[in-house]
Amino acid sequence: MALNIKPASECRYDAVSLGEVMLRLDPGAGRIRTARRFDAWEGGGEYNVTRGLRRAFGLRGAVVTALADNEVGRLVEDFILTGGLDTEFIKWAQYDGIGREVRNGLNFTERGFGVRGAVGVSDRGLTAASQLAPGDVDWDKLFGEYGVRWFHTGGIFAALSETSAQTVIEAVTAAKKHGTIVSYDLNYRPSLWKSIGGIDKAREVNREIAQYIDVMIGNEEDFTASLGFEVEGVDENLSTLETDSFARMIETAAAAFPNFQVIGNTIRTVHSASVNDWGAIAWSRETGVVQSTMREKLEIFDRVGGGDSFASGLIYGLIDGQDLQTAVEYGAAHGALAMTTPGDTTMVTKAEVLKLAGGGTARVDR
């Protein structure tokens, strides 16, 4: 692979994420609308990736985010500390007592089962993270003085506010100046863009950010909605995904953005909330398109965070110096395993990822 990743000895961090970290409230097997108790987790599309690199793969990581300084914010901080990430670059916003000016994000998520799909209800208006603005983070200290090998952010954070998108541009520009590899997960969420310009605004923002990205990650909807690249032969329900059509779309995206060095894409066909076909493809300029093992009729316990775990597995493989085929196998295996446990974040070990990526089965380990 041609990625010029800085040596670990020159950097304090192997990976850093920029994004919002919310408190996830999970009703377990039940519904949000009838729940009487919730399990609490933390989660965020960008954060989950670096947390996975730390907890599953043992790399050194940090998160750049903002939290309102109250008991909920400190609970989220406690989750982040448990996840093993450095909290130096969390900006603490003074809390006004009722959340009129600043607050912490909540994400109510039910897993779905069978014919009942997963449901997410976010409560994240006026959050501290959405108010991060250019000038709030000392990027030269992070990327220059401390050193970062890999920086990850994404389309969820970019959609939170006008200043969020500007903060992403400031961050990725600084990362590139200091020789840090930059990855971005498009992670298109219609609900986030709905009131600020919809799909047209999503494409405007993401196409501007894409000019700075080395490794672009997403699924078929992400590339279509966020960048405007259509996948031929896919119906609106995504009931079937033709890998060849997807590969042609990747080639088109790579031609439009010559800065892309690697593209990684998850491929998911949903038979029910509990049964999906799952796999991934990846592309590089040296290798072309490679495809992971396709796991048909994969049983899903909690699908939320599966794409983030794919990203962290793929990134780990690339940081570890593996070839693209191996890296995409790591990504697909990590995503598959992460969807067997509750919560956004991985509970997987590196050994489990390598075992499954190498053709291992679910036979009991004694």
Side-chain angles (χ1 to χ4, degrees), residues 13-29 38-65 67 72-87 89-90 104-112 118-122 124 127 129 150 152-157 183 185 187 189 217 266 268 278 298 300-316 319 330-353 356:
Y13 304 116
D14 297 303
V16 172
S17 282
L18 165 66
E20 182 165 57
V21 187
M22 294 192 294
L23 184 67
R24 172 175 166 174
L25 298 171
D26 183 347
F38 295 88
D39 290 325
W41 318 87
E42 90 281 26
E46 298 83 13
Y47 161 82
N48 294 342
V49 175
T50 294
R51 187 193 183 282
L53 288 166
R54 171 65 186 89
R55 293 294 284 165
F57 299 104
L59 302 187
R60 304 160 300 165
V63 61
V64 180
T65 192
L67 294 167
V72 175
R74 293 297 172 178
L75 173 58
V76 175
E77 178 194 34
D78 196 60
F79 278 120
I80 294 170
L81 290 168
T82 300
L85 298 190
D86 194 335
T87 59
F89 290 91
I90 295 178
N104 295 302
L106 305 177
N107 185 22
F108 296 82
T109 304
E110 59 185 55
R111 302 171 198 162
V119 175
V121 181
S122 296
R124 66 196 310 179
T127 59
W150 195 291
H152 180 77
T153 188
I156 292 177
F157 179 73
S183 61
D185 192 331
N187 255 336
R189 299 289 185 270
I217 299 169
T266 56
R268 183 196 300 265
W278 169 261
L298 180 71
I300 305 293
F301 185 82
D302 184 347
R303 68 167 282 170
V304 178
D308 304 330
S309 291
F310 162 75
S312 61
L314 176 73
I315 291 167
Y316 171 73
I319 290 177
Y330 285 0
H334 190 212
L337 288 164
M339 291 187 290
T340 67
T341 55
D344 283 35
T345 56
T346 183
M347 299 181 185
V348 177
T349 68
K350 176 181 172 181
E352 289 172 329
V353 174
L356 183 60

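- Across all their heavy atoms, Ser122 and Asn107 have their closest contact at OG-OD1, 3.5 Å.
- Partners of Thr127 by side-chain hydrogen bond (donor to acceptor under 3.5 Å, both in side chains), not counting sequence neighbours, listed by chain and number: Glu20, Ser130.
- Put simply, the side chain of Ile319 reaches to within 4.5 Å of the side chain of Leu59, judged on heavy atoms.
- In this structure the side chain of Thr50 never reaches within 4.5 angstrom of the side chain of Tyr13, judged on heavy atoms.
- Side chains of Met339 and Val304 form no contact here, defined as non-hydrogen atoms less than 4.5 Å apart.
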Next on the checklist: Could you go through Ile90 and Leu67, starting from their C-alpha distance and side-chain angles, then the distance that decides it, and tell me whether this counts as side-chain contact (heavy atoms from CB on, under 4.5 Å)?
Outcome noted: CA-CA 7 Å; Ile90 295 178; Leu67 294 167; 4.2 Å; yes
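- Taking the ring centroids of Phe108 and Phe38, they lie under the 6.0 Å cut-off.
- Residue pairs meeting the side chain to side chain donor-acceptor pair (under 3.5 Å) criterion with at least one member in residues 303-316, sequence neighbours excluded, are Asn48-Asp308, Ser312-His334, Tyr316-Lys350.
- Residue pairs meeting the salt bridge (Lys or Arg N to Asp or Glu O under 4.0 Å) criterion with at least one member in residues 49-64, sequence neighbours excluded, are Asp14-Arg60, Glu42-Arg51.
- For the pair Asp26 and Arg111, the salt-bridge criterion is met [side-chain N within less than 4.0 Å of a carboxylate O].
- In terms of the side-chain hydrogen bond (donor to acceptor under 3.5 Å, both in side chains) criterion, Thr65 has no residue partners (sequence neighbours excluded).
- The nearest pair of heavy atoms linking Leu53 to Ala15 is CD1-CB, 3.6 Å.
- Rounded to the nearest 0.5 angstrom, Thr87 OG1 and Leu81 CG are separated by 5.0 Å.
- Using a 4.5 Å heavy-atom threshold, the side chains of Ile80 and Tyr47 count as touching.
- When side chains are defined from C-beta on, Thr341 does not count as touching Asp302, because their heavy atoms never get closer than 4.5 Å.
- In this structure Asp86 satisfies the salt bridge (Lys or Arg N to Asp or Glu O under 4.0 Å) test with no other residue, sequence neighbours excluded.
- Between the Trp278 side chain and the Ala332 main chain, a donor and an acceptor come within less than 3.5 Å of each other.
- Residues Val21 and Val63 have side chains in contact (heavy-atom distance under 4.5 Å, counting atoms from C-beta outward).
- Pairing each heavy atom of Ala40 with each of Phe79, the nearest pair is O-CZ, 3.4 Å.
- Residues Phe157 and Leu18 meet the side-chain proximity criterion, which asks for heavy atoms closer than 4.5 Å.
- Side-chain contact between Leu23 and Val72 is present, with at least one heavy-atom pair separated by less than 4.5 Å.
- Applying side-chain contact (heavy atoms from CB on, under 4.5 Å) to Val348 and the options Thr340, Leu356, Leu337 leaves one that passes, Leu337.
- Here the straight-line distance linking atom CZ of Phe310 with atom CG of Asp185 works out to 9.0 Å at 0.5 Å rounding.
- Applying the salt bridge (Lys or Arg N to Asp or Glu O under 4.0 Å) criterion to Glu77, with sequence neighbours excluded, gives Arg74.
- A distance-only check finds a donor-acceptor pair linking the side chain of Ser17 to the backbone of Glu46 [under 3.5 Å].
- How far CE of Met347 is from OG1 of Thr345: 6.0 Å, rounded to the nearest 0.5 Å.
- To the nearest 0.5 Å, atom CZ of residue Arg124 and atom CG of residue Leu106 are 10.5 Å apart.
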task: Check the pair Ser183 / His152 against side chain to side chain donor-acceptor pair (under 3.5 Å), numbers first and verdict last.
output: CA-CA 5 Å; Ser183 61; His152 180 77; 2.7 Å; yes
